[in-house]
Visitor: 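Here it is, the structure, as structure tokens.
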Amino acid sequence: MVTIRLYDTSARQIRDFTPLQQGCVSIYLCGATVQAAPHIGHIRSGLNFDIMRRWFDHRGYDVTFIRNVTDIDDKIIAKSHDQGRPWWSIGYENERAFNDGYQALGCLPPTYEPRATGHVPEMIEMMRGLIERGHAYEADGNVYFDVRSFPGYLELSNQDLDDLRQPSGDGETGKRDQRDFALWKSVKPGEPSWETPWGRGRPGWHLECSAMAHKYLGPAFDIHGGGLDLIFPHHENEIAQAKAYGDEFARYWVHNAWVTMAGEKMSKSLGNSVLVSEMVKQWRPIVLRYYLGTPHYRSMIEYSEESLREAESAFARIEGFVQRVIELAGGVVEPAAEVPPAFAEAMDDDLGVPQALAVVHTTVRQGNSALAADDKEAAVARLAEVRAMLAVLGLDPLDPHWAGESDRGEDLHGVVDSLVRLVLDQREAARGRKDWATADAIRDQLNQSGLTIEDGPQGPRWSLGSR
């Protein structure tokens, strides 16, 4: 099999990917903590790993992709108290909002999507093993991980244990060392709880993922993913728990960068989030996918409407080419079996989507040149290549997932087309009498209205331009 290379956070370098099992790849992605509806920063992680999953699939791997749901944590409980609603009601409502967001932006469903609260028995089993091995202890109904018992602690985040400041929650009493972290939190009045050998309580955030990864992917798996903000404490603590328990755990650690606003990470607490549910009302979901999915996954995205308009315009050029060739071909043009070598080379090199996208745009330009030369065969061949590449990126406008986008506007498109044709007829009449000033004024007015006019051998053609 062709070698794919990935940047491994734990090694701090790009490494050749060698799967545990030939022809298979196992991926665990830290998914949603469902205390609130998702903003586009949340969904970016899902998009980045959807593209990774699609590329492995294209390269012939059998992919097992786990994306968990954290449906119990301090923030969900706090929201429950503030709103006077059951914690599970808040969690389920926002879980559905996340899934709506993933689906709207074309993410394939995971192989399994486990909820934390459905895996308390696995967590109890892991805690029991850690206590028996001397890596964890019970105190005041809490169970803590002893960080000094695990020599490899902090190797992922490259910190010094002496300088560590471990985040702690209320009620975390009885710690032998303030740097120890909670595996299990003792019950508090009015909070959800589960029975364990150490008393009633609820799981700590880090334990949930270690237990679920073990259940669905076994003691060793290929890739663990998530946002940069999860490196510490979450992923560092996951590694400590899992390896102290006896698992090899993840062999590669892949982290995506953030969506920022004014240089700060997009987050609810900063009040700078842009909800997916609102964004899809303002922008076509396929344009949002282009905007969020085409920068390199390790590059920050600074949010701005100008950048979104640029993404809309860039995708319109691709989409316009696809539509023109389909009209010329008079039927479906199937994606090519293979993507161009330059595209594959870029994707194999740490999922180099920007370089791969450059190949898409180059192929579109070649296809447009073939259209201008009335070379139908070459235009169709370029479209087949473009569709193959867009399928990997989840951006093929002819894919059934995106068909509804055009269907929703079909009736309106017919009305607009009739009106634009009347204006274009007036422009053609002006050109016929050599009244170039009037013809140019009509074209400029249409452009200002968001329409792009192209003059071709079969007459003028209009399309939606950027906003």
Side-chain angles (χ1 to χ4, degrees), residues 1-8 13-27 29 46-65 106-108 222-223 225 251-252 254-257 286 289-299 311 314-315 317-319 321-322 325 333-370 377-399 401-402:
M1 245 178 209
V2 175
T3 300
I4 295 174
R5 306 175 72 230
L6 296 171
Y7 183 86
D8 179 6
Q13 65 180 355
I14 294 177
R15 296 173 55 203
D16 289 352
F17 175 74
T18 305
L20 276 166
Q21 183 178 345
Q22 186 67 27
C24 298
V25 58
S26 46
I27 305 170
L29 174 64
L47 273 176
N48 289 152
F49 285 91
D50 182 64
I51 292 171
M52 173 191 280
R53 181 243 191 104
R54 287 171 183 263
W55 183 242
F56 273 116
D57 183 68
H58 179 84
R59 279 305 198 191
Y61 285 87
D62 182 6
V63 182
T64 301
F65 180 51
C107 293
L108 300 172
D222 292 308
I223 299 169
R251 301 177 71 243
Y252 296 81
V254 179
H255 292 93
N256 65 276
I286 198 168
R289 183 178 177 103
Y290 186 99
Y291 170 68
L292 293 170
T294 54
H296 194 276
Y297 75 91
R298 290 194 285 121
S299 300
F315 185 71
R317 291 193 292 272
I318 296 173
E319 196 170 32
F321 166 69
V322 172
V325 179
V333 176
E334 294 294 338
E338 296 295 333
V339 296
F343 181 94
E345 182 180 351
M347 292 299 293
D348 284 338
D349 187 12
D350 194 31
L351 305 176
V353 173
Q355 294 78 13
L357 190 65
V359 180
V360 174
H361 282 288
T362 297
T363 309
V364 167
R365 286 193 294 272
Q366 292 170 349
N368 282 329
S369 296
E377 183 179 350
V380 168
R382 297 296 80 75
L383 176 56
E385 293 172 347
V386 166
R387 287 201 66 192
M389 293 185 283
L390 293 179
V392 169
L393 302 177
L395 288 169
D396 182 0
L398 301 180
D399 186 280
H401 175 81
W402 302 114

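No hydrogens, no waters, no symmetry mates; every other heavy atom, side chains included, goes into these values. Throughout, numbering of the chain's residues begins at 1 and tracks the sequence.
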Visitor: Please set out all donor-acceptor pairs under 3.5 angstrom arising from side-chain atoms of residues 377-393, sequence neighbours excluded.
Guide:
{"residue": "Arg382", "atom": "NE", "partner": "Glu385", "partner atom": "OE1", "Å": "3.0"}
{"residue": "Arg382", "atom": "NH2", "partner": "Glu385", "partner atom": "OE2", "Å": "3.3"}
{"residue": "Arg387", "atom": "NE", "partner": "Asp396", "partner atom": "OD1", "Å": "3.4"}
{"residue": "Arg387", "atom": "NE", "partner": "Asp396", "partner atom": "OD2", "Å": "2.8"}
{"residue": "Arg387", "atom": "NH1", "partner": "Val333", "partner atom": "O", "Å": "2.8"}
{"residue": "Arg387", "atom": "NH2", "partner": "Asp396", "partner atom": "OD2", "Å": "2.8"}

Visitor: Measuring from Arg54:CZ to Phe65:CZ, what's the distance to the nearest 0.5 Å?
Guide: 11.0 Å

Visitor: Specify the closest pair of heavy atoms between Pro397 and Ile286, including all atoms of both residues, with the distance to one decimal.
Guide: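 Smallest heavy-atom distance, with atoms named: CA-CD1, 4.1 Å.
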
Visitor: Any side-chain heavy-atom pair from Cys107 and Leu47 closer than 4.5 angstrom?
Guide: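 They are in side-chain contact.
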
Visitor: Look at atom CD of Glu345 and say whether more than 12 heavy atoms of other residues, nucleotides or ligands are closer to it than 6.0 Å.
Guide: no

Visitor: On a heavy-atom basis, which atom in Ala344 and which in Val339 lie closest, and how many Å separate them?
Guide: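 Shortest heavy-atom separation between Ala344 and Val339 comes out as CB-CG2, 3.9 Å.
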
Visitor: Determine, stepwise, if the pair Tyr297 / Ile51 fulfils side chain to side chain contact (heavy atoms under 4.5 Å, CB included).
Guide: CA-CA 10 Å; Tyr297 75 91; Ile51 292 171; over 6 Å; no

Visitor: If you compare all heavy atoms of Tyr7 against all heavy atoms of Arg298, which two are closest, and at what distance to 0.1 Å?
Guide: CB-NE, 3.4 Å

Visitor: Looking only at heavy atoms, what is the nearest atom pair of Pro295 and Pro354, with distance?
Guide: C-CG, 4.0 Å

Visitor: Testing the basics here: between Cys24 and Pro19, what is the closest heavy-atom pair and its distance to 0.1 Å?
Guide: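 Closest approach of Cys24 to Pro19, heavy atoms only: O-CB, 3.1 Å.
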
Visitor: With sequence neighbours left out, what residues match His361 under ring pair (Phe, Tyr, Trp, His ring centres under 6.0 Å)?
Guide: none

Visitor: Would you give the length of the straight line joining atom CD1 of Ile4 to atom NE2 of His58, rounded to the nearest 0.5 angstrom?
Guide: 10.0 Å

Visitor: Quick check for you: to the nearest 0.5 Å, what is the distance between His255 atom NE2 and Asn48 atom CG?
Guide: 12.5 Å

Visitor: Could you grab the distance from atom OH of Tyr290 to atom CD1 of Ile318, nearest 0.5 Å is fine?
Guide: 4.5 Å

Visitor: To the nearest 0.5 Å, how far apart are CD1 in Ile14 and CG in Asp350?
Guide: 4.5 Å

Visitor: Taking side chain as C-beta onward, heavy atoms only, is His296 less than 4.5 Å from Val353?
Guide: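 The answer is no; the side chains never approach within 4.5 Å.
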
Visitor: Evaluate Glu319 against Trp402 for side chain to side chain contact (heavy atoms under 4.5 Å, CB included), listing each step before the verdict.
Guide: CA-CA 12 Å; Glu319 196 170 32; Trp402 302 114; over 6 Å; no

Visitor: Do Asn368 side-chain atoms and Phe321 backbone N/O form a donor-acceptor pair below 3.5 Å?
Guide: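 Side chain of Asn368 to backbone of Phe321: no pair is present.
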
Visitor: Are Ile223 and Met52 close enough, and set up right, to give a side chain to side chain contact (heavy atoms under 4.5 Å, CB included), and what steps lead you there?
Guide: CA-CA 11 Å; Ile223 299 169; Met52 173 191 280; 4.1 Å; yes

Visitor: Does Phe56 have any ring pair (Phe, Tyr, Trp, His ring centres under 6.0 Å) partners at least two apart in sequence or in another chain, and if so, which?
Guide: Phe17, Tyr61

Visitor: Is the shortest distance from a Lys or Arg side-chain nitrogen in Asp57 or Arg53 to a carboxylate oxygen in the other one below 4.0 Å?
Guide: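 Salt bridge flag = no for Arg53 with Asp57.
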
Visitor: Between the main-chain N or O of Tyr252 and the side-chain N or O of Asp8, is there a donor-acceptor pair closer than 3.5 Å?
Guide: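 Judged by distance alone, no pair lies under 3.5 Å.
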
Visitor: Walk me through whether Leu351 and Val254 qualify under side chain to side chain contact (heavy atoms under 4.5 Å, CB included).
Guide: CA-CA 11 Å; Leu351 305 176; Val254 179; 6.0 Å; no

Visitor: To the nearest 0.5 Å, tell me how far Arg317 CZ sits from Arg365 CZ.
Guide: 8.5 Å

Visitor: Could you tell me which non-hydrogen atom of Thr18 sits nearest to which non-hydrogen atom of Arg251, and how far apart they are?
Guide: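 Of all heavy-atom pairs spanning Thr18 and Arg251, the closest is O-NH1, 2.8 Å.
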
